[in-house]
Amino acid sequence: MRRAWVSLLWIISSLIVVFLITLPISLQAHLIVGSIVVLAMILLKTFGPPTGVFRVIALALGTAIVLRYVYWRSTSTLPPINQIEDFIPGFMLYLAEMYSVFMLFLSLFVVSSPVPPRPTPPVPDNAPSVDVFIPTYNEEYALLANTVAAARGMDYPQDKLTVWLLDDGGTDAKCNQDNAAKAQEAQERRRELQQLCDGLGARYLTRARNEHAKAGNMNNGLEHSTGDLVVVFDADHAPARTFLKETVGHFAQDPKLFLVQTPHFFINPDPLERNLDTFDEMPSENEMFYGIIQRGLDKWDASFFCGSAAVLRRTALKETNGFSGVTITEDCETALGLHSRGWRSIYVEKPLIAGLQPESFASFIGQRSRWAQGMMQILIFHMPFFKRGLTMAQRLCYMSSMLFWLFPYPRLMFLISPLFYLFFSLEVFNASGAEFLAYTSTYMLVNLLMQNYLYGKYRWPWISEIYEYIQAIYLLPAILSVIANPRKPTFNVTSKGENMAESRVSEIGRPFFIIFGVLIAALLVSIYRAITEPFNADVIIVVGGWNVLNLLIAGCALGVVSERRNRRRTHRVNLLRRCEMIIDGITYPASVEDGSTGGARIRLAEGTKGPEFERGQSAQLRFTPHADLGSETLPLTIRNIEEDKQGIVFGCQFEPQTPMHYRLVADLIFANADEWRKFQESRRRNPGVLFGTLRFIRQALYHTGRGLSYLMHLQRLWRERRRAPQLATAKRES
């Protein structure tokens, strides 16, 4: 009976909303109502609690304005179909807008009430056995040594823990290939990694052939292992000491649990963060997904496997014959198959691994292209909305995660649509300047407020637009290629640990400068037309303003593809750990202030005096590790020496010579996940729509200038290179 009353109330409410949004009102009345809604949302956001009924009311008010815009846009603005030159681009823009509205409503469903942080259940006395898989293909020795060492250092009964290095770079096929040099390289790699695993107490495993990429590699690991649970870490994802303590206990509480996923935390900036210099002050791109979206998916039992930093139940994987390998995103595909079989997943929102993001813009685009193509493959091959065994909520959640990757189409349509009118006078939007401004401005403002309500401190205003724009140019062709041939994409390993030795314009950055030039031309045309066509001034000014917004985003993108020099190949984390430095046989009390896998900043205890220290001098570092690693010390080289009011500070480089030295490095750098959480929290603050917009404009103007200065410098280098042969010839003749 109660359910019937709830359904009746929902139907009545829906009819009232439909009546209100279709009610014909004047432009002035719409502006008044829109202003009241905006003010109410601001007040609710400012003075109301972040969750609960006030949040729902604010989002409902915003939804009403969005629906009102959709009704107006659908019934009053489309060009007549008999004016085909206007109708085609106009309808393409309309589809882009409707996609954006649809994705907004899917987001509201997914993240309107995300799951709060979960308590950590204890690991049972009879702890399950755990196999740790670290799949690798072409990653370098030191990177793998750090990850394997960190995995071996996890706090768990050692007789129940087996770490496997799954090497696809040393397969039989690679070691016996026709290219003698590459075969020798693969054989040497296999030998070195076998010795590394022997020294760290891990297992080395390779296979005959490289089949089915990462999924095939991990399935080979399943065939050779027997653990109750399987943990997967990417080659550059070093776990904290507490990883298993925070995750394994959940499996004892739910026999149908197949997955515990944790967030991917990165200790280095992505290309946008590095080149725009936002890493230390603004949340990373992935934090919106791991901070809010995965928690929202978790509410509907739809949080999915993200390829790393996860624990899976072996008995569940047996039902799907291991990890799925039909698509190039084996992680989400595997989760989809297990969810459809009735298995459940949970998400633990604690950063328990430290990984590396792509350094260069080209590698970043390569990684995102693989994600986009893989999600499109899942959409085509598995059709999640119609997949048997999923709940309706799970269907919507998976569709949200996959349809998101169609964003290149609307992003590029929003970019070029003003140009249709400014350059060719095409009427793609059948409305006066006043109507366009009134409806679109309220819609955009409400949209910004809703996004801020949903994501707040996890995603600042306009940052999503920049990320989407810098990817859209290259992702749209990648997506279209999948639609044309779903089986064409192949798995490509993302480059990590690149050395950006020189400042430069990205090798794939040229289209962004061309687009910026076109938008500048459109700005000049809009000014000219506003002066020479006063009868169209209202429309020209509004469309010109739209072009200016695109110009700001495009200018910011110039800063992204103008890559800053970054010679440091490893990235520092705060440590504050007591230690001793041994120099020339003398022990000095000290503390490690910060460090990376490459070295550390070490401060001698205040008042400590000694002989004159020299750069290049060898030393040893001794500290108390979390695990029993004996009395081993870590070799160092002193690279620089500073002195301040508190004493002497050394910049030191680690010189690991044995596998045990890598255990010490991992224990020092990766053992404590609390530092990662503190760093995340230091960046998570909500600037609000107003201050976030002002910050975006300031950054756009600055990085437009920086990007253009890079381009001019690049042009000078090109001219010098072209002149070099001529100068050399003239010099020889003289």
Side-chain angles (χ1 to χ4, degrees), residues 84-85 87-104 106 213 271-272 285 289 324-333 336 358 360-386 398-420 426 428 464-494 506-516 518-519 550 553-554 557 560-561:
I84 197 70
E85 71 281 4
F87 178 78
I88 291 178
F91 189 69
M92 291 174 65
L93 174 61
Y94 173 77
L95 289 179
E97 291 185 82
M98 293 307 103
Y99 164 86
S100 299
V101 171
F102 179 68
M103 292 306 298
L104 173 63
L106 277 182
L272 183 144
E285 181 201 22
F289 177 74
S324 301
V326 176
T327 73
I328 58 174
T329 45
E330 81 296 326
D331 41 18
C332 184
E333 185 184 3
L336 176 64
S360 71
F361 181 68
S363 297
F364 174 81
I365 292 298
Q367 180 191 64
R368 301 311 161 95
S369 296
R370 176 167 61 85
W371 293 355
Q373 290 183 319
M375 286 300 199
M376 288 300 102
Q377 284 182 307
I378 295 175
L379 185 64
I380 294 169
F381 290 142
H382 298 290
M383 298 295 289
F385 190 76
F386 301 102
Y398 272 105
M399 291 300 291
S400 175
S401 298
M402 290 163 195
L403 291 177
F404 163 79
W405 289 99
L406 293 175
F407 72 80
Y409 170 71
R411 179 53 49 203
L412 293 179
M413 280 306 304
F414 297 152
L415 177 72
I416 66 175
S417 290
L419 308 182
F420 290 133
L426 298 180
V428 299
S464 287
E465 283 72 14
I466 299 173
Y467 270 108
E468 289 180 2
Y469 171 67
I470 63 174
Q471 297 177 73
I473 295 172
Y474 289 101
L475 263 58
L476 183 61
I479 291 170
L480 292 176
S481 71
V482 175
I483 295 173
N485 185 357
R487 298 191 181 277
K488 181 180 179 180
T490 56
F491 189 98
N492 292 311
V493 178
T494 304
S506 171
E507 61 270 31
I508 62 171
R510 180 175 295 182
F512 297 94
F513 289 92
I514 295 173
I515 292 172
F516 184 81
V518 173
L519 296 180
N550 288 335
I553 295 173
V560 177
V561 299

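Everything numeric here is computed off the predicted structure, so don't read it as measured data. When a residue number appears, it is its place in the shown sequence, counting from 1.
- Ring centers of Phe289 and Phe404: at least 6.0 Å apart, outside the cut-off.
- Here the closest non-hydrogen pair linking Met103 and Ser400 is CE-O, 3.5 Å.
- Looking only at side-chain heavy atoms (C-beta outward), Leu104 and Ser100 stay at 4.5 Å or farther from each other.
- Aromatic ring centroids of Phe512 and Tyr469 lie under 6.0 Å apart.
- Heavy atoms of other residues, nucleotides or ligands lying less than 6.0 angstrom from CZ of Phe102 number 12 at most.
- A search for salt bridge (Lys or Arg N to Asp or Glu O under 4.0 Å) contacts involving Glu465 returns nothing, not counting sequence neighbours.
- For Ser506 (side chain) and Val561 (main-chain N/O), no donor-acceptor pair under 3.5 Å exists by modelled atom type.
- In this structure, Glu85 has no salt bridge (Lys or Arg N to Asp or Glu O under 4.0 Å) partners at least two apart in sequence or on a different chain.
- Between the Tyr474 side chain and the Ala362 main chain, no donor and acceptor come within less than 3.5 Å of each other.
- Side-chain contact between Trp405 and Trp371 is present, with heavy atoms from C-beta onward closer than 4.5 Å.
- Ser481 and Gln373 form a side-chain donor-acceptor contact under 3.5 Å, judged by distance and modelled atom types alone.
- A cation-pi arrangement, defined by a distance under 6.0 Å to the six-membered ring centre and an angle within 45 degrees of its axis, is absent between Arg368 and Tyr467.
- Using a 4.5 Å heavy-atom threshold, the side chains of Phe407 and Gln471 count as touching.
- Here the side chain of Glu333 pairs a donor or acceptor atom with the backbone of Thr327 at under 3.5 angstrom.
- Residues Tyr409 and Ile479 have side chains not in contact (no heavy-atom distance under 4.5 Å, counting atoms from C-beta outward).
- The CE atom of Met383 lies 9.5 Å from the CZ atom of Phe385; values are rounded to the nearest 0.5 Å.
- Here the shortest heavy-atom pairing between Leu336 and Ile378 reads CD2-CG2, 3.8 Å.
- The CG atom of Leu475 sits 10.5 Å away from atom CD1 of Ile473, with the distance rounded to the nearest 0.5 Å.
- The shortest distance between side-chain heavy atoms of Phe364 and Ile470 falls below 4.5 Å.
- Using a 4.5 Å cut-off on side-chain heavy atoms (C-beta onward), Leu519 and Leu419 make contact.
- At least one side-chain heavy atom of Cys332 sits under 4.5 Å from a side-chain heavy atom of Met375.
- Checked by atom type and distance alone, the side chain of Ser360 pairs as donor or acceptor with a backbone atom of Ser363 at under 3.5 Å.
- The main-chain N or O of Gly325 is never found under 3.5 Å from a side-chain atom of Glu330 such that the two would form a donor-acceptor pair.
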Determine, stepwise, if the pair Leu272 / Glu285 fulfils side-chain contact (heavy atoms from CB on, under 4.5 Å). CA-CA 9 Å; Leu272 183 144; Glu285 181 201 22; over 6 Å; no
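- The distance from atom CD of Glu97 to atom CE of Met92, rounded to the nearest 0.5 Å, is 13.0 Å.
- Using a 4.5 Å heavy-atom threshold, the side chains of Met402 and Pro384 count as touching.
- Applying the side-chain contact (heavy atoms from CB on, under 4.5 Å) test to Pro89 and every residue at least two apart in sequence or in another chain returns Phe420, Leu426, Val428.
- Of all non-hydrogen atoms in Ile483 and Ile380, the two that sit nearest each other are CA-CD1, 4.2 Å.
- Side-chain N or O atoms of Ser417 include none that pairs as donor or acceptor with a backbone N or O of Phe414 at under 3.5 Å.
- Across all non-hydrogen atoms, the minimal contact from Leu403 to Leu379 is CD2-CD2, 4.0 Å.
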